[in-house]
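Everything below concerns the one structure shown next.
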2 protein chains.
Amino acid sequence: MSIASDIIRGHTDAIILARLLLKDSYGYEINKAILRSTDQEFELKEATLYSAFKRLEELALIRSYWGDETTGARRKYYAITDKGKEEYYKMKKDWLYARQIIDKLLSSEDIYEE
Amino acid sequence: MSIASDIIRGHTDAIILARLLLKDSYGYEINKAILRSTDQEFELKEATLYSAFKRLEELALIRSYWGDETTGARRKYYAITDKGKEEYYKMKKDWLYARQIIDKLLSSEDIYEE
DNA sequence: CATAATACCTCGCCTGTCAAGGTATTTTGT
DNA sequence: ACAAAATACCTTGACAGGCGAGGTATTATG
């Protein structure tokens, strides 16, 4: 089972920020971590991930720096900024709020029906 | 507080179908019912609503018929089809699944961190 | 008698996802 | 030794859904 694009849309930024809240990381690792933490059930598509990085950096919610790997492929690390942390908490609040509204609307039970 | 377009996206169809599961209804009433059932906290934008109707009817998840009002403006009623009911249950399952995944990803707690 | 409410609809912009394509390096299996 | 897989980055362009802005017509209300 997979999550439809239209459902994941609007959450990718928060998902990425949540990872960066734990520690600085880079694209490939973030994706693997998401896979791992959802028991291989969910992963962001690469194109989605990298376009999100671009967007988040433009908004100054994250900043990037190249790692100094002596071995392996070069890695571009991302760190969450203070502004990013603030936004993350807002996004999480928004999610909790939206979740409750959607739950209500899909429950199909109206008490105050006319 | 309002729900961002990107979060609502992917749920409008299910929200509309949920209403039609209760009873046949028309655009204006559906929107008012959504408003009422969320304590005026949420409503679909008209353009979103009508484009959803079009999409859902093309997919044969709903069908429409004109009401025979003797008074007031004409109303276009919508009814959910059997296919629509099936799809609704799928959508609801998808929502429950996605909700759990998103909750997990926004919890920022990794037990199996390397 | 104007304004709000009811009720429908379309056009075109904007944004985010993602399939498909690309590059370069390193590790692994045979 | 060499091919294949894994690691790691990135761009382009198509596509779809939300919605602002605009429109029409009728009825109710202050």
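Every chain is numbered from 1 and lettered A, B, ... according to where its sequence line falls, protein lines coming before strand lines. Everything numeric in this text was worked out from a predicted model, so none of it was measured.
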Listed pairs under 3.5 Å, donor-acceptor, residues 1-11 of chain B side chains, sequence neighbours left out:
unit_1, atom_1, unit_2, atom_2, d
B:Asp6, OD1, A:Arg9, NE, 3.0
B:Arg9, NE, A:Asp6, OD1, 3.0

How close or far is atom [atom2] of [N] from atom [atom1] of [X], stated in whole angstroms?
{"X": "A:Tyr26", "N": "D:dA6", "atom1": "OH", "atom2": "P", "answer": "16 Å"}
{"X": "B:Asn31", "N": "D:dG18", "atom1": "CG", "atom2": "C1'", "answer": "13 Å"}
{"X": "B:Asp68", "N": "D:dT26", "atom1": "CG", "atom2": "P", "answer": "18 Å"}
{"X": "A:Trp66", "N": "D:dT7", "atom1": "CH2", "atom2": "C1'", "answer": "13 Å"}
{"X": "A:Arg75", "N": "D:dC10", "atom1": "CZ", "atom2": "P", "answer": "14 Å"}
{"X": "B:Tyr28", "N": "D:dA25", "atom1": "OH", "atom2": "P", "answer": "19 Å"}

Residue among A:Thr81, A:Leu61, A:Thr12, A:Ile80 satisfying side-chain contact (heavy atoms from CB on, under 4.5 Å) with A:Leu56: A:Leu61

Residues B:Arg63 and B:Asp24 bridged, charged N to O under 4.0 Å: no

Sort and list the pairs that fulfil salt bridge (charged side-chain N to carboxylate O under 4.0 Å, His left out) and have at least one residue in residues 48-60 of chain B, not counting sequence neighbours. B:Asp13-B:Arg55

Contact residues, residues 44-53 of chain A to DNA chain C [heavy atom, < 4.0 Å]: A:Lys45, A:Ala47, A:Thr48, A:Ser51

So, using side-chain hydrogen bond (donor to acceptor under 3.5 Å, both in side chains) as the criterion, who are the partners of [X] when residues are at least two apart?
{"X": "A:Thr38", "answer": "none"}
{"X": "A:Tyr97", "answer": "B:Glu41"}
{"X": "B:Lys90", "answer": "B:Glu87"}

Applying ring pair (Phe, Tyr, Trp, His ring centres under 6.0 Å), name anything that partners A:Tyr50, two or more places apart in sequence or on another chain. A:Phe53

By the rule that ILVMFWY residues connect when side-chain heavy atoms come within less than 4.5 angstrom, directly or transitively, which residues belong alongside A:Leu35? none

For A:Tyr77, which fellow cluster members are found when Ile, Leu, Val, Met, Phe, Trp and Tyr are connected by side-chain heavy-atom distances below 4.5 angstrom, either directly or through intermediates? A:Tyr26, A:Tyr28, A:Tyr65

Between A:Lys23 and A:Glu29, is the salt bridge (Lys or Arg N to Asp or Glu O under 4.0 Å) condition met? List the steps. CA-CA 11 Å; A:Lys23 67 159 198 241; A:Glu29 190 188 43; 3.6 Å; yes

State, to 0.1 Å, how close B:Lys104 and A:Ser37 come at their nearest heavy-atom pair, and which atoms those are. CD-O, 3.0 Å

Opening and closing nucleotides of DNA chain C in contact with chain A, under 4.0 Å to non-hydrogen atoms: C:dT15 to C:dT27

Short of 4.0 Å, heavy atom to strand atom, which residues of residues 2-13 of chain B count as contacting DNA chain D? B:Ser5, B:Arg9, B:Gly10, B:Thr12

So does B:Leu106 get a backbone contact from the side chain of A:Tyr88, meaning a donor-acceptor N/O pair under 3.5 Å? yes

Quick check on the helix from C:dC1-D:dG30 to C:dT30-D:dA1: what's the angle between its two end axes, five base pairs per end, to the nearest 10°? 30°

